[in-house]
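Below you'll find the structure, written out as structure tokens, and then a few comments.
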Amino acid sequence: MSDIIVQKFGGTSVADTTKIKSVADAVIKEKELGNDVVVVVSAMGHTTDYLVKMAKEISEKPSAREMDMLLSTGEGVSIALLSMAIQEKGYQAISMNAMQIGIITESVHQKARIIDIKTDKLRKHLDDGKIIVVAGFQGVTEDGEITTLGRGGSDTSAVALAAALRAKRCDIYTDVEGVYTTDPRIVPCATRLKQVSYGEMLELARVGANVLHPRAVETADLSKIPIRVRSTFKLDNKGTLITGVENMEIELSQPVTGVASDLSQVRIVFCDIPDVPGNAAKLFGTLAKENISVDMIIQSYARTGNNTNDIAFTIDKADLTRTTQILESIREDLSAGAIHIDDNIAKVSIVGAGMVDRPGIAATMFETIAKMGVNIKMISTSEIKISCLVEKKDSDEAIKALHTIFNLDSDKIAVVKGDLPNI
Ligand code: ADP
Ligand code: ASP
Ligand code: MG
């Protein structure tokens with residue numbers, strides 16, 4: 001039996017018909033190696049942004065269901081064109097959307113999670129020798145409603161398919177040559193990492209390294225599918241391998257593996273909430289019921305004589321309208337005060353398995369930001385991550401400074417030696 005390889009090509013990789021023809025060559029190359037190939041594609045170029053823009057021109061608050069109907073069309077164009085391009089080169093190919101396959105998601109619009117993928121039709125087409133071209137980013141509920149997985153979600157479609165089909169590997173082809181120590185478009189001297197563990201990659205993706213969708217990494221970790229992030233335009237380059245193996249070399253020499261920024265959050269301060277048991281539970285419980293994820297949270301200290309707290313937290317910008325509606329609706333019940341919204345924020349983060357049990361990393365981060373004369377508005381930490389909220393305008397400079405102070409600039413770093421395991 002042949003191995004199954006899942007390949008995923010992002011928007012820039014299929015931006016026009018010439019690029020789609022080159023992608024067909026990359027797909028055929030994998031098939032010629034003797035593998036069964038399933039290809040996941042995103043919408044062409046900036047199609048999804050364009051569709052969002054058109055919706056916003058029609059309605060300030062378009063319904064989530066109709067947004068999914070609209071956005072899912074972008075991938076439909078790419079799969080048919082790529083399938084034709086492969087057929088034109090003399091190979092059998094078939095395009096399939098989520099409904100045809102049975103990529104079943106929960107009943108949530110715009111950020112649905114995949115709960116099951118039917119593999120019977122896929123296996124039959126593979127057994128017949130066909131290359132299958134799948135529409136990324138979309139799913140269908142048990143009731144036949146179209147859903148989408150959240151922006152950047154085609155990565156998750158690819159890894160979930162790889163898991164369902166027990167593929168040997170999932171290759172994510174994109175417009176950079178792998179995962180770097182930070183976004184190479186912000187810091188040109190960023191270093192490509194040859195290997196990263198699922199744990200570190202998950203933190204990096206969650207804090208803004210949008211080269212991979214966080215749920216794709218989560219799914220890969222659960223199913224132990226190796227991911228390779230590689231360049232569509234330099235096919236011989238092996239890119240970055242993401243597996244369960246910790247990169248001991250990095251851990252021993254570097255406390256920090258990567259730096260990232262996230263400009264998509266908004267800070268909300270809910271003022272004067274009475275300092276009594278249950279109020280925080282009520283606030284965040286209501287947001288959770290509405291499927292709104294909260295990231296950083298700070299509750300102020302209630303001083304004597306003023307038995308109220310301010311609670312500050314961050315959410316994704318896309319959830320702002322719904323969140324403010326919810327806060328207004330529970331304000332009276334909580335006897336709370338004003339709501340302040342700050343969207344001029346950026347979250348800058350450092351990530352590294354090597355920072356566990358190493359004192360001084362947080363202090364170095366805060367000192368570096370302080371030396372720039374930048375004020376930190378919020379801080380949050382996990383075992384392998386520290387995040388600081390700063391003003392948007394300071395984000396890129398902070399990323400550059402942190403990248404340098406933690407020895408990640410490409411002329412300094414010594415973590416990319418040695419050959420990769422041949423997966
Ligand atoms: P695709 O359309 O192929 O899914 P994306 O735009 O979603 O591509 O992801 C690739 C982009 O991710 C790169 O162009 C790069 O600017 C950005 N990026 C952010 N952080 C990193 C990182 N640490 N390593 C590599 N790329 C990164
Ligand atoms: N086309 C979708 C987006 O632009 C999904 C993806 O590209 O991963 O977000
Ligand atoms: Mg992407």
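Remember, it's 1-based here, ligands and their atoms both numbered in the order they're listed. Counting from 1, the numbers follow the sequence of the chain as shown.
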Could you tell me the residue and atom name of the protein heavy atom closest to [atom], and the distance to it rounded to 0.1 Å?
{"atom": "atom 12 (O) of ligand 1", "value": "N210 OD1, 3.2 Å"}
{"atom": "atom 25 (C) of ligand 1", "value": "G178 O, 3.3 Å"}
{"atom": "atom 21 (C) of ligand 1", "value": "D183 CA, 3.6 Å"}
{"atom": "atom 26 (N) of ligand 1", "value": "V211 CB, 3.5 Å"}
{"atom": "atom 9 (O) of ligand 2", "value": "R151 NE, 2.6 Å"}
{"atom": "atom 6 (C) of ligand 2", "value": "S154 OG, 3.3 Å"}
{"atom": "atom 7 (O) of ligand 2", "value": "S42 OG, 3.1 Å"}

G136 heavy atom under 4.0 Å from ligand 2: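 No, G136 has no heavy atom closer than 4.0 Å to ligand 2.
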G152 near ligand 2 by a heavy-atom separation under 4.0 Å: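 In this structure, G152 qualifies as a contact of ligand 2 - some heavy atom is under 4.0 Å.
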Check this for me, if you would: do [X] and [Y] make a salt bridge, where the nitrogen-to-carboxylate-oxygen distance has to be below 4.0 angstrom?
{"X": "K124", "Y": "D128", "value": "yes"}
{"X": "K392", "Y": "D342", "value": "no"}
{"X": "D319", "Y": "K111", "value": "yes"}

Can you sort out which atoms of ligand 1 are near [X], meaning under 4.0 Å from one of its heavy atoms?
{"X": "V179", "answer": "24 (N)"}
{"X": "R185", "answer": "13 (C), 14 (O), 15 (C), 16 (O)"}
{"X": "Y180", "answer": "22 (C), 23 (N), 24 (N), 25 (C)"}
{"X": "D175", "answer": "10 (C), 11 (C), 13 (C), 14 (O)"}

Hey, does [X] sit under 4.0 Å from ligand 1 if you only count heavy atoms?
{"X": "G11", "answer": "yes"}
{"X": "G152", "answer": "no"}
{"X": "K8", "answer": "yes"}

Is the backbone of [Y] close enough, under 3.5 Å, to the side chain of [X] for a donor and an acceptor to pair up by distance?
{"X": "S329", "Y": "I326", "value": "yes"}
{"X": "E75", "Y": "V41", "value": "no"}
{"X": "S410", "Y": "C189", "value": "yes"}
{"X": "R192", "Y": "G239", "value": "yes"}
{"X": "Y198", "Y": "I225", "value": "yes"}
{"X": "S395", "Y": "E391", "value": "no"}
{"X": "S95", "Y": "S83", "value": "no"}
{"X": "N35", "Y": "I4", "value": "no"}

Close-contact set for ligand 2 against G153 heavy atoms, below 4.0 Å: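 Answer for ligand 2: 5 (C), 8 (O).
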The one among T240, L212, T182 that brings a heavy atom closest to atom 22 (C) of ligand 1: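 Checking each option, the heavy atom nearest atom 22 (C) of ligand 1 is found in T182.
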Minimum non-hydrogen distance to atom 2 (C) of ligand 2, winning option of H46, E75, K8: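 The option holding the nearest heavy atom is E75.
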Residue portion contacting ligand 1 (non-hydrogen atoms closer than 4.0 Å) for P184: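 Answer for P184: side chain.
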Within reach of ligand 1, part of T174 (heavy-atom separation under 4.0 Å):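 Both of them.
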Identified side-chain contact (heavy atoms from CB on, under 4.5 Å) partner of E203 from the options V217, V351, I350: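 Considering V217, V351, I350, a side-chain contact (heavy atoms from CB on, under 4.5 Å) with E203 is found only for V351.
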Any N/O pair D155/ligand 1 closer than 3.5 Å: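 In this structure, D155 places no N or O atom under 3.5 Å from an N or O of ligand 1.
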N or O contact, S13 vs ligand 1, cut-off under 3.5 Å: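 Between S13 and ligand 1 (N or O atoms, distance only) the closest approach is not under 3.5 Å.
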Under-4.0 Å protein heavy-atom contact, atom 16 (O) of ligand 1: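 Flag for atom 16 (O) of ligand 1 set to true, protein heavy atom closer than 4.0 Å.
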Residue pair T257 / E200, side-chain donor-acceptor N/O under 3.5 Å: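 Yes, side-chain donor-acceptor contact under 3.5 Å.
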Mutual orientation of the aromatic rings belonging to F9 and Y173 [parallel < 30°, tilted 30-60°, perpendicular > 60°]: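 Rings of F9 and Y173: parallel, as their planes differ by under 30°.
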